[in-house]
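On a predicted model such as this, the values are computed, not experimentally measured, just so you know. Numbering of residues begins at 1 and proceeds along the displayed sequence. Heavy atoms only: backbone and side chains are in, while hydrogens, waters and symmetry mates are out.
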Amino acid sequence: LRHADADTRQLTFYTDARSPKVEQLRVHASIAFVFWSKRLSWQLRVQSSATVLSEGPKIDSIWDKLRHSPAAGDYLSASVPGSPLQPGPQAESQKHHLAVVVADIIEMDWLELARTGHRRARLVAGEVDWCIP
């Protein structure tokens, strides 16, 4: 997860544009995120609709910021994600393979696990539905 924007209700993450998940999201935009906090004993499941960006001004802007970071190598690999790794240094491509996935949040399911009883809430824009046992 690279960015969360409460005002637009969007989550953003980066991936390799050649990853199988990119084509899957282009065909079927439904995506779910699951977050867990051990310290709070909270689970958050977020249902979203994803848009994949792999070219254009937004990608260029993000790449300009990312290109000199250690993470840049993740998007410069000549190897396609999931392919067997060869021993030795990995070849780099001249062109980056960065894709940005922007997920519009549809609904969230919050769950607090507790010995005294679990609490759960469903959150949809503008409403909260407490699911109390």
Side-chain angles (χ1 to χ4, degrees):
L1 184 65
R2 295 294 182 138
H3 185 72
D5 188 322
D7 294 332
T8 62
R9 296 186 199 96
Q10 291 181 326
L11 301 176
T12 302
F13 70 90
Y14 303 165
T15 190
D16 188 304
R18 302 165 298 171
S19 169
K21 72 177 147 270
V22 168
E23 186 57 32
Q24 292 167 354
L25 287 171
R26 285 189 168 133
V27 172
H28 185 71
S30 182
I31 188 171
F33 297 85
V34 178
F35 302 97
W36 167 251
S37 170
K38 181 178 180 180
R39 183 177 61 82
L40 297 171
S41 291
W42 286 7
Q43 175 182 297
L44 183 65
R45 186 175 56 221
V46 182
Q47 298 293 336
S48 306
S49 178
T51 302
V52 179
L53 308 171
S54 56
E55 57 186 18
K58 184 170 184 165
I59 297 296
D60 295 341
S61 173
I62 292 170
W63 180 248
D64 284 342
K65 294 173 189 164
L66 192 64
R67 73 174 350 127
H68 300 294
S69 74
D74 295 343
Y75 310 104
L76 289 170
S77 173
S79 300
V80 175
S83 62
L85 293 177
Q86 303 300 318
Q90 300 299 307
E92 286 194 351
S93 170
Q94 294 301 312
K95 180 187 178 311
H96 72 79
H97 302 285
L98 174 68
V100 174
V101 179
V102 179
D104 294 306
I105 297 171
I106 298 168
E107 175 179 316
M108 295 189 297
D109 179 66
W110 170 82
L111 175 64
E112 178 183 47
L113 301 173
R115 291 184 180 173
T116 57
H118 305 325
R119 295 187 307 161
R120 178 178 229 146
R122 185 178 143 269
L123 304 112
V124 180
E127 64 181 82
V128 176
D129 180 20
W130 286 99
C131 308
I132 300 173

(request) Sequence neighbours left out, what passes ring pair (Phe, Tyr, Trp, His ring centres under 6.0 Å) with His96? Give chain and number order. (result) Trp63
(request) Mind listing the closest non-hydrogen atom pair of Val22 and Asp16 along with its distance? (result) CG2-O, 3.4 Å
(request) Please round to the nearest 0.5 Å and tell me the distance separating atom NE2 of His97 and atom OG of Ser19. (result) 12.5 Å
(request) Check salt bridge (charged side-chain N to carboxylate O under 4.0 Å, His left out) between Glu112 and all other residues, then give those that pass, not counting sequence neighbours. (result) Arg119
(request) Answer whether the closest heavy-atom distance between the side chains of Pro81 and Arg18 falls below 4.5 Å. (result) yes
(message) Starting from Leu98, can I reach Val80 by hopping between I/L/V/M/F/W/Y residues whose side chains sit under 4.5 Å apart?
(response) no
(request) State yes or no: do Ile105 and Val100 share one hydrophobic cluster built from I, L, V, M, F, W and Y residues joined by side-chain heavy-atom distances below 4.5 Å, directly or via other members? (result) no
(message) Is there a path of hydrophobic side-chain contacts, each under 4.5 Å between heavy atoms of I/L/V/M/F/W/Y residues, joining Ile62 to Leu76?
(response) yes
(message) A side-chain contact here means heavy atoms from C-beta on lying under 4.5 Å apart; do Leu113 and Gln43 qualify?
(response) no
Please table the atom pairs, donor to acceptor, closer than 3.5 Å between any side-chain atom in residues 30-37 and protein atoms at least two apart or in another chain.
from	atom 1	to	atom 2	distance (Å)
Ser37	OG	Leu40	N	3.1

Residues 46-60, side-chain donor-acceptor partners within the protein, below 3.5 Å, at least two apart:
from	atom 1	to	atom 2	distance (Å)
Ser54	OG	Arg26	NH2	2.9

(request) Establish whether Val124 and Ile106 are linked, either directly or via other cluster members, by ILVMFWY side-chain heavy-atom contacts under 4.5 Å. (result) no
Kindly list each side-chain donor-acceptor pair under 3.5 angstrom involving residues 1-11, sequence neighbours excluded, with atom names and distances?
from	atom 1	to	atom 2	distance (Å)
Asp5	OD1	Asp7	N	2.9
Asp5	OD1	Thr8	N	3.1
Thr8	OG1	Gln10	OE1	3.3
Gln10	NE2	Asp104	OD1	2.8

(request) Hey, could you give me each pair passing salt bridge (Lys or Arg N to Asp or Glu O under 4.0 Å) that has a residue in residues 66-83? Not counting sequence neighbours. (result) Asp64-Arg67
